[in-house]
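So the structure is just underneath, and the comments pick up after that.
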Amino acid sequence: QVQLVESGGGTVQAGGSLRLSCRASGYTAGINCMGWFRQAPGNEREGVASIYTLGKDTYYADSVKGRFTISHDSAKNTAYLQMDSLNREDTSMYYCVASDVAIECSAILRNVFEYNHWGQGTQVTVSS
């Protein structure tokens, strides 16, 4: 089994930055994709970004391109989401996901349910 624990959420002023971390534990050898999605109250889930843990190819939602950067540290089994130029529309609960089955990592942008391991989430609030 794989466990995902997110950290790094909080409150930041518009224009500021935050870095989210997601540490994977348990049987992590099979993880091929990690990513982040977000969901605010009353809104649908939105895939934000994903990364192949081996090849490091990345995928981003149009709403965050140029502002967010996803990365992965294999030695630490940890994925990161660097979020810059935050605005109020980025306020949401952010969830880390991982997959150890054969999927396209870009699935984060179409159907987050293709990822079979989910974290508990971390809140990001952007104030004006």
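- Residues meeting the side chain to side chain donor-acceptor pair (under 3.5 Å) test with Glu6, sequence neighbours left out: none.
- Sorted by first and then second residue, the side chain to side chain donor-acceptor pair (under 3.5 Å) pairs with a member in residues 105-115 read Ser106-Arg110; sequence neighbours excluded.
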Take Ser63 and Glu89, measure what side-chain contact (heavy atoms from CB on, under 4.5 Å) needs, and give me the verdict at the end. CA-CA 9 Å; Ser63 59; Glu89 289 69 38; over 6 Å; no
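- We find the CD1-OG distance between Ile31 and Ser99 to be 8.5 Å, quoted to the nearest 0.5 Å.
- In this structure, Trp118 and Leu4 have side chains that are not in contact, with every pair of non-hydrogen atoms separated by 4.5 Å or more.
- Closest non-hydrogen pair, Asn32 versus Val101, comes out as ND2-O, 3.2 Å.
- Hydrophobic clustering, with ILVMFWY side chains joined whenever heavy atoms are under 4.5 angstrom apart, groups Val48 together with Leu86.
- Every pair passing salt bridge (Lys or Arg N to Asp or Glu O under 4.0 Å) that includes a residue from residues 61-82 is listed here, sequence neighbours excluded: Asp62-Lys65, Arg67-Asp90.
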Donor-acceptor pairs under 3.5 Å, side chain of residues 11-25 to any protein atom, not counting sequence neighbours: which ones?
unit_1, atom_1, unit_2, atom_2, d
Ser17, OG, Asp84, OD1, 2.7
Ser25, OG, Gln3, OE1, 3.4

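- Residues Phe113 and Tyr59 share a single hydrophobic cluster, defined by chaining ILVMFWY side chains whose heavy atoms lie under 4.5 Å apart.
- Under the ring-ring contact (aromatic ring centres under 6.0 Å, His included) criterion, Tyr95 pairs with Phe37, not counting sequence neighbours.
- When all heavy atoms of Ser50 and Ile108 are compared, the closest pair comes out as OG-CG2, 3.2 Å.
- Listed by first then second residue, pairs satisfying ring-ring contact (aromatic ring centres under 6.0 Å, His included) with a partner in residues 63-93 number zero, not counting sequence neighbours.
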Quiz: residues 121-128 side-chain donor-acceptor pairs under 3.5 angstrom, not counting sequence neighbours:
unit_1, atom_1, unit_2, atom_2, d
Thr122, OG1, Gly9, N, 3.2
Gln123, NE2, Ser92, O, 3.3
Gln123, NE2, Thr125, OG1, 3.4

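- No continuous path of ILVMFWY side-chain contacts below 4.5 Å connects Ile70 to Val97, so the two sit in separate hydrophobic clusters.
- Within the structure, salt bridge (Lys or Arg N to Asp or Glu O under 4.0 Å) contacts touching residues 43-57 (residues at least two apart or in different chains) are Arg38-Glu46.
- Annotation: side chain of Tyr94 is in contact with side chain of Leu81 (closest heavy-atom distance under 4.5 Å).
- Every pair tested for ring-ring contact (aromatic ring centres under 6.0 Å, His included) that includes a residue from residues 3-28 fails, sequence neighbours excluded, so the list is empty.
- Listed by first then second residue, pairs satisfying disulfide (SG to SG under 2.5 Å) with a partner in residues 26-77 read Cys33-Cys105, not counting sequence neighbours.
- Applying the side chain to side chain donor-acceptor pair (under 3.5 Å) rule to Asp100 yields the partners Asn116, His117; only residues at least two apart in sequence or on another chain are considered.
- Take Glu104 and apply the side chain to side chain donor-acceptor pair (under 3.5 Å) test, not counting sequence neighbours, and it matches Tyr52.
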